[in-house]
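Presented below is the structure to which this report refers.
Atom set for the values below is all heavy atoms of this structure, side chains included, hydrogens, waters and symmetry mates excluded.
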2 protein chains.
Amino acid sequence: MSFENTPYKDKKVISIGIVRELTGLSFRQIRYYEEKRLLFPERTEKGTRKYSFSDIEKLVEIANKREDGVQTHEIRTEMKKEKEKLGEKSVLKEMLRGQFHAYFKNNHDRTS
Amino acid sequence: MSFENTPYKDKKVISIGIVRELTGLSFRQIRYYEEKRLLFPERTEKGTRKYSFSDIEKLVEIANKREDGVQTHEIRTEMKKEKEKLGEKSVLKEMLRGQFHAYFKNNHDRTS
DNA sequence: CGTGTAAGGAATTCTGACACG
DNA sequence: CGTGTAAGGAATTCTGACACG
């Protein structure tokens with residue numbers, strides 16, 4: 001019945017007021033972290049910000065680090081590294097998938 | 001790293017403007033279907049409606065049925081039946097789970 | 001029955017700036 | 001650096017009603 005393969009978690013559909021409620025942060029903080037490029041909400045045609053659930057999770061993480069005294073710039077650097085690691089993981093996954101495919105292909109060829 | 005077991009699909013966080021964009025329906029239609037109790041958005045303290053991704057999927061289904069000339073009341077009846085079926089399914093699942101538990105419990109008792 | 005629309009008001013969001021530290 | 005706040009304006013949403021059919 002579903003017709004779209006949408007990862008709801010990443011769809012940018014939440015306005016800043018709801019984000020404020022969900023994260024407990026102030027409008028000022030939420031916008032400031034965007035200014036410092038820690039997250040990238042989208043905009044409607046008229047310019048109001050739209051966030052995803054992922055953005056909300058990220059904001060909570062940011063808030064935690066800020067409580068530990070970590071500066072926004074450091075947080076940004078950390079997050080970049082995280083992304084790289086995720087990239088590596090994807091590569092590994094792809095390689096493993098290739099291995100499996102090869103394995104099953106061979107197995108099939110031999111046994112049938 | 002995740003700390004909440006939230007089914008994003010059912011979280012009511014989307015304002016009516018975004019719903020309008022995502023479904024292609026008019027504000028009037030979206031509110032009317034609520035009036036006819038086909039869906040149940042939540043409200044912020046100040047009264048603005050909040051929808052979930054599930055609501056959006058439901059609205060698309062409603063739109064399709066309306067195009068086929070189905071009246072809102074019939075749609076409502078159909079949806080109730082759907083819910084009942086889902087309820088039955090859950091019951092069956094629970095029963096099956098019980099069966100498995102019993103099976104493994106017995107198996108364990110005998111073999112250890 | 002289902003939907004459009006104009007009406008008036010209330011709530012939301014935006015930006016740029018000043019403040020403090 | 002990170003955050004609060006007052007300011008003015010623009011965009012959003014709400015409700016109840018009249019209209020058409």
OP1 or OP2 of dG2(D) versus the side-chain N and O atoms of Arg28(A): is any pair under 4.0 Å?
no
- Is there a side-chain polar atom (N or O) of Tyr33(A) under 4.0 Å from OP1 or OP2 of dG2(D)? no
In whole angstroms, the gap separating C1' of dC14(C) from CZ of Arg20(A) amounts to 16 Å
query = Is the distance from OP1 or OP2 of dG2(C) to the nearest side-chain N or O of Lys36(B) less than 4.0 Å?
reply = no
Taking for Arg43(B) and for Phe27(A) the nucleotide of DNA chain D with the nearest heavy atom, the one nearer the 5' end belongs to Phe27(A)
Between CD1 of Ile75(B) and C1' of dG2(C) the distance, given in whole Å, is 11 Å
Between Lys36(B) and Arg76(B) the two heavy atoms that sit nearest each other are O-CD, 3.3 Å
Item to complete: Could you tell me whether the side chain of Glu42(A) reaches within less than 4.5 Å of the side chain of Arg49(A), counting heavy atoms only?
Response: no
Pairing string of DNA chain C (Watson-Crick or G-U wobble, both atom distances under 3.5 Å; | = paired to other strand) is .||||.||.|.|.||.||||.
*Looking at side-chain heavy atoms only, is the closest gap between Arg31(B) and Ile16(B) below 4.5 Å?*
yes
Atom CZ of Arg49(A) and atom C1' of dT12(D) are separated, to the nearest Å, by 16 Å
task: Taking only the side-chain nitrogens and oxygens of Tyr32(B), find out if one of them lies under 4.0 Å from OP1 or OP2 of dT3(C).
output: no
Taken to the nearest whole Å, CD1/Ile16(B) to C1'/dT15(D) is 12 Å
>> Does dC14(C) have OP1 or OP2 under 4.0 Å away from a side-chain N or O of Arg31(A)?
In response: yes
May I ask you to verify if any side-chain N or O of Thr72(B) is less than 4.0 angstrom from the OP1 or OP2 atom of dG2(C)? yes
Assert: residue with more 5' nearest nucleotide on DNA chain C, out of Thr48(B) and Ser26(B), is Ser26(B)
_OP1 or OP2 of dT13(C) under 4.0 Å from side-chain N/O of Lys46(A)_ = no
- Message: I want to check something: taking the side chain as every heavy atom from C-beta on, are Lys58(A) and Tyr33(A) in contact at a cut-off of under 4.5 Å?
- Response: no
Rounded to the nearest 0.5 angstrom, the OH-OG distance for Tyr8(B) and Ser54(A) is 6.5 Å
Here the distance between atom C1' of dT5(D) and atom CD of Gln29(A), to the nearest Å, is 14 Å
Atom CG of Leu25(A) and atom C1' of dG4(D) are separated, to the nearest Å, by 14 Å
- Message: Below the 4.0 Å mark, does dT12(D) have OP1 or OP2 next to a side-chain nitrogen or oxygen of Ser15(B)?
- Response: no
Is there a side-chain polar atom (N or O) of Arg66(B) under 4.0 Å from OP1 or OP2 of dT3(C)?
yes
Minimal heavy-atom distance between Leu38(B) and Met79(B), with the atoms involved, is O-CE, 3.2 Å
Between Leu25(A) and Arg20(A) the two heavy atoms that sit nearest each other are O-CG, 2.9 Å
